[in-house]
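Please read the structure below before turning to the comments.
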Amino acid sequence: MNMNRDAPIYLKPLDPAKKEIRLLELLPLPENDGATSCRLSTVSLLNKPKFTALSYHWGSVSDTEEIMLNGVPWHVTKNLAAALSYMTQLQAGGELDRNSRVWVDALCINQASIGEKKQQVFFMHETFEAADCVFSWLGSSPTIALAFELLRVWGLEEGIVRHRGFRFFTPGSLDWVPNYPEMMTPNDHWTSLREFFDLDYWKRIWIFQEIVVSRCGKLIFYAPGARMSASELKRLLELPKWVVQASEDNLYRKKLPPLPGATPAETRDYINSMLVEDRAHETVHRLLEARQWCTFLHSTAVCLKYAYGRETQATDPRDFYYSSLGISGLAMVPRYEPENSPGDVCIDFVRAHLDATRDFPRKVESRALRGMGSRFFDVPLLFLQRAVGPKGIVEFGLPSWAPDYHLPTAARARGLVSEMPRLVGTEKNEDVFESLDDSVKRTPELRGDILSVFGIKITTVSFVGGPAFGGEDGGRDERIASYLVDFVRRHGPFYLADVPAAVAVLIAVEASWLFMSNWSHRQYRHDYHIVTKKLLTLVPAIDTTDQQLQHDIEQAFLDGIPEGVPELRREYVRLEAMSGQECCKAYPDQNVKASGKTDTCGLFETLQGHLGWATLEAQIGDLVCMLDRFDTPVILRRFQDSNEYMFVGQCAVMGLMSGEAKAILEGGDTTPEVFRLR
């Protein structure tokens, strides 16, 4: 970063035994408003010095600005220069302690010294823990202040935004909007909030550690003219989902919309695009709530669940792993030598993770954890949710089981592997191997680049692909109906002898994770009711010359309607006489809507007639397996002439998501074994 590398700034090395760090003293800005000036001094953390730690996004290292460091011209990124300049102004105005010094990684660590960088990174978490304040610089954009203003308005109107009625999920309303004419949608306040969620700051991998380890009440977010504590921001970020629900309620009740000249639907769509599209607000909220999870979860699990569950950036790819060491406590020492590649660090990270979690309990009875929807069962193999699969071997020279945390963002987008959320009901897969004696089970083990995991084979992939269900060309129903006919020819009119094939195909095509998890649970009658309503427009679209086949499909559909919803049978009889076009008019909002995931994952079938979704890399002949300490099925592929397997990816399979594999194992239809993955 610096243009004057020969300047004698870092003559005296830091003593790691004393936990020495350098601190930056900000000097008053010159009267001519020239470059920011500062000087370095060395202190020991053991002496508990008072200082502020700066958390920020580096920005482009090629876009620099000159400051004065120890009287020497020094080039730093423009974003860092802006942060230091603003901190100097706040000190001059008395908003920051004039005597407080600042720790800044880019200046307080000799970036040219691999040895010093290694030492400082190793106890960087202690630096942030020791700081009297963590000054989180969000950037120079003026829109950040507008975003804070809108969030605070929601806070003032929380009683309306979030209705506190008898029913927990009762939405609030948009009645507060007319009280703030300057915030009528669309305007800069709403767009600024979207820009706030998309700030590069939230994507920097080091931010996770800096937020989690900072002292309670000491983390403050700053931007020009804006200041907000982490606790206030976390509370206010619980409100966007209620604003969205209010916009939905506004649509259904046909109230006057807040968008002048717009329909309620346009208002709803606009608010959705600003607040919840891509779940951007959840990314920020999850970062802020990660601190409390450290109390409940294993520290390395906190990293895998929160640090890597978002789009992240790092100047050095190895920092994707080193940045979490202060929280995870893994037995790794940062190594920045050129010969230590990011792939090497990735494997070392998994090895250290397995060593730390090998004896981690399968279940921990904790009311707090159960209430917050988290489990411990899959902690040792959590990294498999982001395994690189076949492409990782070919394109990056990594084992198929290696996580993709350090790869370019485009290479991480692997459909189900990175996008499929934790499924409702999959906690029952914890019990699949429960009946086995502990002497039979094997804990995950890594030797070289071979990962040994314990599990069972369940079935074999017999079909992959299917039609392109997405698109807006008006032929989706016909393509789905055509696939349904082909599926019934292969497997019969019932799915696994229980559910009508028409119902199963629609659920699979829509990739509805909730339905795929609970499709066999008849108590979910409301969800089944919704799916069946959609099928009323699909069945008439079936066009086949095989009259018996069509009759079988329709009869299975009727026979499968659950007890307690007889109106569905009556409605079907009424619509049966209609044309497909008339059916669509009768149910305009119930037309089949594709999941949109067909560019990254696809439909597959098994020999037994299971339906599921997996990465597009799945092939006929692959094995569907269940692994101990992993809560969803996976697809493995055996290497030719070898007893080793490739990890193809995670998958979602209707009928294997809620502990059904336990009956397969206990029935003797499969035997447990150790899979050697490479």
Side-chain angles (χ1 to χ4, degrees), residues 114 117-125 203-210 212-213 290 293-294 297-360 378-389 391-393 395-409 411-412 414 417-418 443-453 627 629-630 647 650 677-678:
I114 292 178
K117 188 176 178 181
K118 182 191 308 183
Q119 296 165 358
Q120 292 289 297
V121 167
F122 188 68
F123 58 81
M124 191 180 293
H125 65 289
K203 300 172 185 177
R204 179 173 170 259
I205 190 63
W206 284 101
I207 295 299
F208 179 77
Q209 176 176 258
E210 295 164 5
V212 170
V213 305
W293 282 97
C294 289
L297 277 178
H298 192 283
S299 54
T300 187
V302 172
C303 297
L304 297 183
K305 286 175 177 287
Y306 287 90
Y308 303 119
R310 57 195 178 94
E311 182 183 345
T312 48
Q313 301 170 351
T315 304
D316 188 327
R318 293 171 290 191
D319 284 338
F320 282 104
Y321 303 99
Y322 294 151
S323 63
S324 66
L325 295 183
I327 302 172
S328 66
L330 297 183
M332 287 181 68
V333 176
R335 294 189 296 129
Y336 287 99
E337 291 79 7
E339 63 272 13
N340 194 35
S341 71
D344 295 333
V345 179
C346 172
I347 294 175
D348 289 343
F349 177 86
V350 172
R351 181 175 289 108
H353 167 75
L354 290 175
D355 288 342
T357 61
R358 181 170 288 111
D359 298 324
F360 202 71
D378 59 354
V379 165
L381 294 180
L382 267 176
F383 61 90
L384 287 181
Q385 292 182 355
R386 295 281 297 274
V388 294
K391 285 186 178 178
I393 299 176
E395 297 180 14
F396 302 102
L398 292 168
S400 61
W401 50 262
D404 63 1
Y405 304 140
H406 66 284
L407 297 184
T409 302
R412 298 182 222 162
R414 301 192 62 250
V417 174
S418 58
T443 56
E445 185 178 26
L446 179 59
R447 292 188 179 182
D449 63 351
I450 301 295
L451 175 66
S452 298
V453 292
L627 303 181
R629 308 307 295 259
F630 200 67
F647 187 88
Q650 188 178 4
L677 310 181
R678 68 173 170 89

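Between Leu398 and His406 there is a side-chain heavy-atom pair separated by less than 4.5 Å. Side chains of Trp401 and Val350 form a contact here, defined as non-hydrogen atoms less than 4.5 Å apart. In this structure the side chain of Leu381 reaches within 4.5 angstrom of the side chain of Pro444, judged on heavy atoms. Residues Pro334 and Leu325 meet the side-chain proximity criterion, which asks for heavy atoms closer than 4.5 Å. The shortest side-chain heavy-atom distance between Met332 and Val345 falls under the 4.5 Å cut-off. Using a 4.5 Å heavy-atom threshold, the side chains of Leu384 and Leu627 count as touching.
Interatomic distance, CD of Gln209 versus CD1 of Ile327, reported as 5.5 Å (0.5 Å rounding). How far CD of Glu445 is from CG of Asp355: 9.5 Å, rounded to the nearest 0.5 Å. Between the CZ atom in Arg318 and the CD1 atom in Ile205 there is a gap of 15.5 Å [rounded to 0.5 Å]. How far CZ of Phe349 is from OG of Ser328: 6.0 Å, rounded to the nearest 0.5 Å. Atom OH in Tyr321 sits 12.5 Å away from atom NE2 in His353 (nearest 0.5 Å). Distance check, rounded to the nearest 0.5 Å: SG of Cys346 to CZ of Phe383 gives 9.0 Å.
For Glu337, the salt bridge (charged side-chain N to carboxylate O under 4.0 Å, His left out) test picks out Lys118, with sequence neighbours left out. With sequence neighbours excluded, the residues satisfying salt bridge (charged side-chain N to carboxylate O under 4.0 Å, His left out) with Asp348 are Arg335, Arg351. Partners of Tyr336 according to the ring-ring contact (aromatic ring centres under 6.0 Å, His included) rule, which considers only residues two or more places apart in sequence or in another chain, are Tyr322.
Here the closest non-hydrogen pair linking Ile114 and Pro338 is CD1-CD, 4.4 Å. In terms of heavy atoms, Pro342 sits closest to Pro317 at CG-CB, 3.8 Å. For Ala314 against Asp319, the heavy-atom pair with the smallest separation is CB-CB, 4.3 Å. Between Leu446 and Ile347, the shortest heavy-atom distance links the atoms CD2-O, 3.9 Å.
Atom CZ of Phe122 is surrounded by 12 or fewer heavy atoms from other residues, nucleotides or ligands within 6.0 Å.
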Any chance you could lay out the side-chain contact (heavy atoms from CB on, under 4.5 Å) test for Thr357 and Leu382, step after step, and finish with the verdict? CA-CA 11 Å; Thr357 61; Leu382 267 176; over 6 Å; no
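Trp206 pairs in a side-chain contact (heavy atoms from CB on, under 4.5 Å) with only one of the listed residues (Thr312, Thr315, Val121), which is Val121.
No salt bridge links Asp449 with Arg678; every basic N to acidic carboxylate O contact stays at or beyond 4.0 Å.
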